[in-house]
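Position 1 is the first residue of the sequence, and the numbers go up from there. Excluded from the calculations below are hydrogen atoms, water molecules and symmetry mates; all remaining heavy atoms, backbone and side chain alike, are included.
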Amino acid sequence: SEAKKAPSSRLASCVFVWDSGCGDEAERAAVHANMGASEVRCTTPSSMSGLPGIVNITVRYFASPPHLDVHTGQQFRFERSPSLEDVTPVAVWRGKAIRLRGLDFAPAYSMRCRLRSSVTARAQRVVEVAAEVSTTEELACTVPPNFLVGSAFVSVTANG
C-alpha cells in the first residue's frame, strides 16, 4: 500500500487561537510551520493580547480556502514579558553575581540573563546565563568568568 504524504511544508502554518473562555475565539495569529517527518515546529507570535493566557494550536494546510485545519489538542501559555528596573551592583568582577530587580520574573520557567558587551561590533559578544529566581521581582545571575571586560547591556528573558 502507498503511504499518504503530508502537504508541502510551504503550505502549512500554525494557528494560535486565543480562547476567551466564553466559547468564542477572540483572536488568531498564524505563523509559518516547519515540518519534519514526525514533528511540526513553529515560532510563537508575541503575546496576542498583551496579557497572559492560553491559546489552542491548530496546524493549517493551504494558505487560501479551502483550508485543512488539524486541531492538535495542544495548548500554549503566554506569560507577561519580564521587565527590568534595576541592576546591582553597577560594577562587578567576572565570575560574581549581579542582582536584577523588575517585574514578572517566573520562578517556574527557565529565566535567563542576556549580557551583551558594549565594545565595538567586531568584538561584541552576547551570552546568556541561567538566572536564579528569588521572587517574581528579583533574580540573580553570575557574570561568566570569560566575559569581556567593560560595560555590558543586561536584559532578562523567559523561555528564550
Side-chain angles (χ1 to χ4, degrees), residues 6 8-19 21 26-60 70-160:
S8 168
S9 66
R10 288 176 290 177
L11 303 175
S13 60
C14 290
V15 179
F16 295 81
V17 182
W18 181 268
D19 184 355
E27 199 172 343
R28 292 175 172 260
V31 295
H32 173 74
N34 294 311
M35 302 195 56
S38 62
E39 69 180 12
V40 176
R41 288 182 174 245
C42 297
T43 301
T44 59
S46 59
S47 178
M48 295 168 20
S49 67
L51 299 172
I54 296 175
V55 294
N56 297 305
I57 303 172
T58 297
V59 176
R60 171 171 285 169
V70 178
H71 300 282
T72 65
Q74 299 296 309
Q75 294 183 319
F76 181 82
R77 179 169 178 79
F78 283 101
E79 296 290 345
R80 290 187 195 277
S81 295
S83 62
L84 184 58
E85 293 177 354
D86 187 41
V87 178
T88 56
V90 293
V92 66
W93 292 101
R94 292 180 286 181
K96 299 295 181 185
I98 55 175
R99 289 206 123 355
L100 292 81
R101 288 185 315 152
L103 297 172
D104 299 313
F105 298 157
Y109 298 106
S110 177
M111 297 290 300
R112 302 187 66 75
C113 292
R114 187 173 290 145
L115 307 166
R116 182 171 52 93
S117 62
S118 62
V119 295
T120 64
R122 188 182 70 210
Q124 194 172 66
R125 182 168 169 211
V126 177
V127 295
E128 282 190 10
V129 294
E132 187 177 309
V133 180
S134 304
T135 69
T136 58
E137 296 178 351
E138 186 173 287
L139 58 79
C141 293
T142 300
V143 176
N146 59 347
F147 194 71
L148 295 173
V149 173
S151 298
F153 298 98
V154 180
S155 60
V156 291
T157 182
N159 197 20

Could you tell me which residues satisfy side-chain contact (heavy atoms from CB on, under 4.5 Å) with [X], sequence neighbours excluded, listed by chain and number?
X      : value
Thr72  : Ile57, Val59, Gln74
Ala130 : Arg112
Thr43  : none
Ser134 : Arg99, Glu138

Spacing of [atom1] belonging to [X] relative to [atom2] belonging to [Y], to within rounding of 0.5 Å:
X      : Y      : atom1 : atom2 : value
Thr136 : Arg80  : OG1   : CZ    : 11.5 Å
Asp104 : Ser83  : CG    : OG    : 6.0 Å
Ile54  : Arg77  : CD1   : CZ    : 5.5 Å
Leu139 : Glu132 : CG    : CD    : 9.5 Å

**Complete:** Sequence neighbours excluded, the answer for salt bridge (Lys or Arg N to Asp or Glu O under 4.0 Å) partners of Glu39 is Arg41
**Contacts of type side-chain hydrogen bond (donor to acceptor under 3.5 Å, both in side chains), residue Thr142, not counting sequence neighbours** = none
Closest approach of [X] and [Y], non-hydrogen atoms and distance?
X      : Y      : result
Phe105 : Thr135 : CB-O, 3.7 Å
Leu84  : Ser155 : CD2-CA, 4.2 Å
Ser117 : Phe147 : N-CZ, 3.7 Å
Leu100 : Cys113 : CD1-SG, 4.0 Å
Cys42  : His32  : SG-O, 4.0 Å

**Residue pairs fulfilling salt bridge (Lys or Arg N to Asp or Glu O under 4.0 Å) with at least one residue in residues 81-96, sequence neighbours excluded** = Asp86-Arg101
**Prompt:** Does some side-chain heavy atom of Leu115 sit less than 4.5 Å from a side-chain heavy atom of Ile98?
**Reply:** yes
**Item:** Side chain proximity check, Leu103 to Glu137, heavy atoms < 4.5 angstrom
**Value:** yes
